[in-house]
Protein chains: 2
Amino acid sequence: MAEKEIPNVIIGRLPVYLRALRHIQAQGQQTTSSQELGEMVGVSAAQIRKDLSQFGEFGKQGTGYNIAFLVDKLREILKVDRVWDVVVVGMGDMGHAIARYQGFANRGFRVVMVFDNNPALIDQKVGEFVIRDARVMVRAIHEAGIKVAMLTVPASAAQSVANQLVEAGIKAILNYAPISLNVPHGVLLQYIDPSTGLQRMTYYLD
Amino acid sequence: MAEKEIPNVIIGRLPVYLRALRHIQAQGQQTTSSQELGEMVGVSAAQIRKDLSQFGEFGKQGTGYNIAFLVDKLREILKVDRVWDVVVVGMGDMGHAIARYQGFANRGFRVVMVFDNNPALIDQKVGEFVIRDARVMVRAIHEAGIKVAMLTVPASAAQSVANQLVEAGIKAILNYAPISLNVPHGVLLQYIDPSTGLQRMTYYLD
DNA sequence: TAGATTGTTAATCGATTAACAATC
DNA sequence: TAGATTGTTAATCGATTAACAATC
């Protein structure tokens with residue numbers, strides 16, 4: 001029997017559930033329901049239950065879900081029950097902000113190296129990091145076995161840097177450059193583009 | 001006859017098409033096809049054609065789409081054939097980066113005010129802006145008639161600032177705080193959370 | 001003309017919702 | 001026990017794809 005393939009759209013919702021669960025957990029709540037969680041994240045209760053049921057039976061009839069337990073399960077499913085080393089490439093304002101961002105702690109990621117190709121920036125400090133020369137990037141990433149990268153270079157450089165990241169063995173790229181990238185099959189890609197985010201809303205404004 | 005309601009999932013793809021079209025336009029190309037555009041953005045040619053056909057007939061059999069014309073149409077549809085004034089709230093590293101970001105030019109947005117509640121930051125300059133006191137925010141936004149906001153405050157403050165933005169008349173919020181927000185019906189919301197973006201990929205890694 | 005590519009229809013595929021027996 | 005809420009099934013709804021006549 002073939003393994004059941006979980007739809008990507010469901011995987012996309014799990015991090016949102018996890019984030020919301022962490023939030024109510026931090027407020028000391030022990031238990032929640034599909035109803036309550038659904039209201040928090042803007043999804044129907046039926047969908048929450050359906051999504052979670054793809055991975056097991058995590059709730060109890062009558063009482064709902066134990067938050068700590070469900071958080072553990074989601075962390076396991078999303079493979080963030082470990083810490084992924086991440087590189088940041090491009091030390092402009094955005095790369096700077098990302099390198100110093102405290103929000104990765106406890107969410108499964110840790111920035112370990114940052115790069116730029118600007119001689120004026122190389123060897124400068126950003127937060128706790130020393131900016132390294134992009135020319136040593138491929139080798140350094142490869143040697144450290146890093147699989148996850150955040151790309152914060154200008155759009156004009158993004159594709160060629162992405163190619164280098166792939167060459168270095170990176171398997172997941174979070175792209176902040178406002179441009180569609182091409183990567184080989186097997187390399188994952190997510191986009192963060194504020195203009196695109198805003199344009200998804202202006203359609204509905206007048 | 002009721003106006004046809006365009007599915008939200010289609011609206012979400014249009015900014016990506018627009019971004020790609022701008023890119024090939026900048027390279028001097030005049031014309032493209034659903035095939036070519038689809039390959040650039042990772043969507044089937046049939047879907048590109050279907051999406052665009054919701055809004056009119058923008059192509060020509062045999063020759064495809066005139067890029068300049070299609071760009072104009074998409075800008076019109078997405079209502080970015082004008083410039084939307086935007087406020088940024090929260091002048092930490094991320095707000096700083098956003099306030100100085102050059103990528104909004106020509107994409108329909110212009111940052112016009114930035115706020116923080118930290119007395120040490122108020123009246124300091126960030127790029128071309130002077131950071132204003134969050135206590136005057138509601139009034140200032142209301143008086144300026146601003147409809148679009150970017151929220152870059154800590155998660156712990158995000159909901160209460162969002163409430164103030166709604167009170168001030170903001171209709172679209174791009175939220176960088178890693179937390180699900182509650183806003184009234186009629187207020188639009190998009191999320192930018194790097195951890196969530198990364199967690200959507202780690203599921204597929206090993 | 002011949003070749004290319006659109007816009008659209010119908011078929012397929014997939015995702016969401018409603019409903020409820022099971023059970024805590 | 002009575003009330004609440006799960007996990008799951010079947011029904012509905014919506015989105016994607018394949019195919020092709022129209023036509024540039």
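Here is the naming used below: chain letters follow the sequence lines, and residue numbers restart at 1 for every chain.
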Problem set entry | Rounded interatomic separation in angstrom, taking CD from Glu57(A) and P from dT23(C) | 10 Å
For this session: Scan residues 170-198 of chain B for pairs that pass salt bridge (charged side-chain N to carboxylate O under 4.0 Å, His left out), counting only residues two or more places apart or in two chains.
Result: Arg19(A)-Asp193(B), Arg107(A)-Asp193(B)
Problem set entry | All side chain to side chain contact (heavy atoms under 4.5 Å, CB included) counterparts of Phe129(B), not counting sequence neighbours | Ala99(B), Val111(B), Val114(B)
Exercise. Mapping Ala46(B) and Ala46(A) onto DNA chain D by nearest heavy atom, which one lands closer to the 5' end?
Worked result: Ala46(A)
Problem set entry | Sole residue of Thr196(A), Leu174(A), Leu151(A), Asn175(A) in side-chain contact (heavy atoms from CB on, under 4.5 Å) with Tyr191(A) | Asn175(A)
Problem set entry | Per-nucleotide protein contact string for nucleotides 11-16 of chain C (B base, S sugar-phosphate only, - none; heavy atom under 4.0 Å) | ----SB
For this session: Test the Lys73(B)-Phe55(B) pair against the cation-pi criterion, namely NZ or CZ under 6.0 angstrom from the six-membered ring centroid and within 45° of the ring axis.
Result: no
Problem set entry | Those residues that, when tested against Asp51(A), pass salt bridge (charged side-chain N to carboxylate O under 4.0 Å, His left out) (two or more places apart) | Arg13(A)
Problem set entry | Residue pair Gly90(A) / Thr152(A): nearest heavy atoms and the distance that separates them | O-OG1, 2.6 Å
Exercise. Any donor-acceptor pair under 3.5 Å linking the side chain of Gln159(A) with the backbone of Asn182(A)?
Worked result: yes
Exercise. Heavy atom of residues 60-73 of chain B under 4.0 Å from DNA chain C: which residues?
Worked result: Lys60(B), Gln61(B), Gly62(B), Thr63(B), Gly64(B), Tyr65(B)
Seminar exercise, completed: When rounded to whole Å, the CG to C1' distance for the pair Leu52(B) and dT6(C) reads 11 Å
For this session: Applying side chain to side chain donor-acceptor pair (under 3.5 Å), name anything that partners Glu76(B), two or more places apart in sequence or on another chain.
Result: none
Exercise. Does a nitrogen or oxygen in the side chain of Arg49(B) sit under 4.0 Å from OP1 or OP2 of dT6(C)?
Worked result: yes
Seminar exercise, completed: So CE of Met91(B) and CD1 of Ile98(B): to nearest 0.5 Å the spacing works out to 8.5 Å
Seminar exercise, completed: Contacts of Arg49(B) meeting side chain to side chain donor-acceptor pair (under 3.5 Å) (sequence neighbours excluded), chain-then-number -> Ser34(B)
Exercise. Counting only non-hydrogen atoms, which of residues 17-41 of chain B are less than 4.0 Å from DNA chain D?
Worked result: none
Seminar exercise, completed: Sorted by chain and number, sequence neighbours left out, side chain to side chain contact (heavy atoms under 4.5 Å, CB included) with Gln29(B) holds for Ile24(B), Thr32(B), Glu36(B), Ile67(B)
Problem set entry | Set of residues satisfying side chain to side chain contact (heavy atoms under 4.5 Å, CB included) with respect to Met137(B), sequence neighbours excluded | Val89(B), Phe115(B), Ile141(B), Val161(B), Gln164(B), Leu165(B)
For this session: Only counting residues at least two apart or in another chain, list the ones meeting side chain to side chain contact (heavy atoms under 4.5 Å, CB included) with Val187(A).
Result: Val166(A), Ile173(A), Val183(A), Pro184(A)
Problem set entry | Base-pairing string, 5' to 3', of DNA chain D - Watson-Crick or wobble, under 3.5 Å, | interstrand | ..||||||||||||||||||||||
